[in-house]
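See below for the structure under consideration.
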Amino acid sequence: MKTLATIIGTIAPATAFAASTPRVDDSGLFVWIFLGFCALIVIAQVMPAVLLMFGMAKGITGVVKDELKGHKA
């Protein structure tokens, strides 16, 4: 138990001061172009999925409305 306390006592202060300097962002233009391209791919995949969900919701509500009209008649 004392060994575990000693290990934690020596590791905790070392990790506390590990990131004492501010983060430097050296991302160049090509990194931002790559990230923009990745964002375009994600958007291109999400748009059809959203349209499909809206289509399914319209289809389901249309079926429910038709069933309600059939019961009233």
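Computed from a predicted structure; not experimentally measured. Start at 1 with the first residue, then count along the sequence.
Rounding to the nearest 0.5 Å places CD1 of Ile41 at 8.0 Å from CD of Gln45.
Residue Val50 is grouped with residue Val42 when hydrophobic side chains (ILVMFWY) are merged at heavy-atom distances under 4.5 angstrom, including chains of intermediate members. Val46 and Phe54 fall within the same hydrophobic cluster, where Ile, Leu, Val, Met, Phe, Trp and Tyr residues are linked whenever their side-chain heavy atoms come under 4.5 Å apart, directly or through other members.
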